[in-house]
Amino acid sequence: MALIEQIEKENLPKHIAITMDGNGRWAEKKGKFRVFGHQNGVKAVRGTVETAAEIGIKYLTLYAFSTENWNRSEREVNALMSLLISTINKETKTLMKNDIRLLAIGNLQQLPKKCLKELEEAIEKTKNNKRMTLILALSYSGRWEIVNAVNKILKEKNSKKELTEETFQQYLNTKSVPDPELLIRTSGEKRISNFLLWQIAYCELYFTDTLWPDFRKEDLINAIIDYQKRERRFGKS
Ligand code: IPE
Ligand code: IPE
Ligand code: MG
């Protein structure tokens, strides 16, 4: 039986989040600059987006750049931003063809103007697409998102009534998106690195040693099959 057929269609995670880690190590192992790893990481993004849509995943969030990543060398940050601009520009057509809607979360105002413009154009162009929603986490940090939500609430004049979890969620960047059921992190690191702190309260975690540029269709399928074998108890006995 083909690997993809082992996925139970009726038990798919609706939302998968991925921390795409290991680009730098992948390049260094080959004796190349880190940027070479990021370039090859884009290929893995393309394949993963296509596979997720093909499987029937409704939401896919990719951690592409964290707030903390601004602390990398200027050379690496600039290369990542240029790569982001060219990728969004090139891939919008593919998103349209595959009926995929693009969203972005994070402190987007920190992005270079050109990058933000490309992003906003792609979001606008793809806004009516229905098959899958692709969410890019850019200049993102979970703590920033939570504090940002609290600040928005504080600014509202009639915020006297008590807040519920449901209302609070409406102030997060992910307000229109269900919480992820599965979080995948590549490259063998077993940490959260400030990703979706509120949203992963009951998420299943999947770690693989595969470095992001090597992440293929089979890796995504294996993660989903592993998820489907788990018993999700939500505190019940
Ligand atoms: C992930 O790969 C990509 C980004 C964080 C932008 P890294 O660049 O973190 O690669 P490693 O972890 O150094 O190998
Ligand atoms: C997390 O990876 C952020 C992204 C993948 C975009 P990092 O490589 O930045 O995380 P740490 O530094 O290992 O925690
Ligand atoms: Mg890393």
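Whatever order the structure lists them in is the order used to number ligands and atoms, beginning at 1. Each residue takes its place number in the sequence, starting with 1. As a basis for the values below, the full set of heavy atoms in this structure was taken, side chains included, without hydrogen atoms, waters or symmetry mates.
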ask   = Looking at Leu95, Thr92, Ile135, Thr133, which hits side-chain contact (heavy atoms from CB on, under 4.5 Å) with Leu102?
value =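 Among the candidates, only Leu95 passes.
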
inquiry  = Please identify which of these residues, Asn40, Thr19, Val45, meets the side-chain contact (heavy atoms from CB on, under 4.5 Å) condition with Trp212.
reply    = Val45

Does a donor on one side chain and an acceptor on the other come within less than 3.5 Å for [X] and [Y]?
X	Y	value
Glu68	Asn194	yes
Thr51	Thr48	no
Thr94	Glu91	yes
Arg25	Ser187	yes
Gln199	Glu145	yes

request  = Please work out whether any backbone atom (N, CA, C, O) or any side-chain heavy atom from C-beta onward of Arg34 is under 4.0 Å from ligand 1, and answer side chain, backbone, both or neither.
outcome  =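 For Arg34, only side-chain atoms sit under 4.0 Å from ligand 1.
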
Side chain, backbone, both or neither: Asn69 near ligand 1, heavy atoms under 4.0 Å =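 Contact part for Asn69 vs ligand 1: side chain (C-beta onward).
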
request  = Give the minimum heavy-atom separation between Leu84 and Leu138, together with the two atoms involved.
outcome  =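 Taking every non-hydrogen atom into account, CD2-CD2, 3.7 Å.
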
key: Heavy atoms of other groups near Arg230 CZ, more than 12 under 6.0 Å   = yes

task = Count the heavy atoms of every other residue, nucleotide or ligand shown that sit under 6.0 Å from CZ of Phe33, and state whether that count exceeds 12.
result = no

Give me the nearest non-hydrogen protein atom to [atom] as residue plus atom name, then the distance to 0.1 Å.
atom	value
atom 5 (C) of ligand 2	Met20 O, 3.5 Å
atom 14 (O) of ligand 2	Ser193 OG, 2.6 Å
atom 2 (O) of ligand 2	Arg185 NH2, 3.6 Å
atom 10 (O) of ligand 1	Gly24 N, 2.9 Å

request  = Give the numbers and elements of all ligand 1 atoms closer than 4.0 Å to a heavy atom of Ala64.
outcome  =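 This gives 6 (C) as the contact atoms.
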
ask   = Near His38, which atoms of ligand 1 are under 4.0 Å from a heavy atom of that residue?
value = 3 (C), 8 (O)

message = Enumerate the salt bridge (charged side-chain N to carboxylate O under 4.0 Å, His left out) contacts for residues 214-224, please, sequence neighbours excluded, ordered by first and then second residue.
response =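 Residue pairs with at least one partner in residues 214-224: Glu54-Lys217.
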
Ligand 2 atoms in contact with [X] (distance to a heavy atom under 4.0 Å):
X	value
Arg191	11 (P), 13 (O), 14 (O)
Arg72	7 (P), 8 (O), 9 (O)
Thr19	1 (C), 5 (C)
Phe65	6 (C)

Close approach of Gly22 to ligand 1, heavy atoms, under 4.0 angstrom = yes

key: Test log, rule side-chain contact (heavy atoms from CB on, under 4.5 Å), inputs Asp21 and Tyr63   = CA-CA 9 Å; Asp21 199 11; Tyr63 201 5; over 6 Å; no

key: Sub-3.5 Å N/O-N/O distance, Ser66 and ligand 2   =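 Between Ser66 and ligand 2, no N or O pair is found under 3.5 Å apart.
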
query = Would you say Asp21 has any N or O atom under 3.5 Å from an N or O of ligand 2, going by distance alone?
reply = yes

task = Indicate, as side chain, backbone, both or neither, the part of Arg25 found under 4.0 angstrom from ligand 2 when only non-hydrogen atoms are considered.
result = neither

ask   = If you group Ile, Leu, Val, Met, Phe, Trp and Tyr whenever their side-chain heavy atoms sit less than 4.5 Å apart, what else falls in with Phe234?
value = Tyr202

query = Should Trp26 be counted as touching ligand 1, given the test is an N or O pair under 3.5 Å?
reply = no

Proximal protein heteroatoms (N, O or S) of the Mg ion (ligand 3), under 2.8 Å =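 As for protein N, O or S atoms lying under 2.8 Å from the Mg ion (ligand 3), they are Asp21 OD1.
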
key: ring pair (Phe, Tyr, Trp, His ring centres under 6.0 Å): pairs with one or both residues in residues 116-138, sequence neighbours excluded   = none

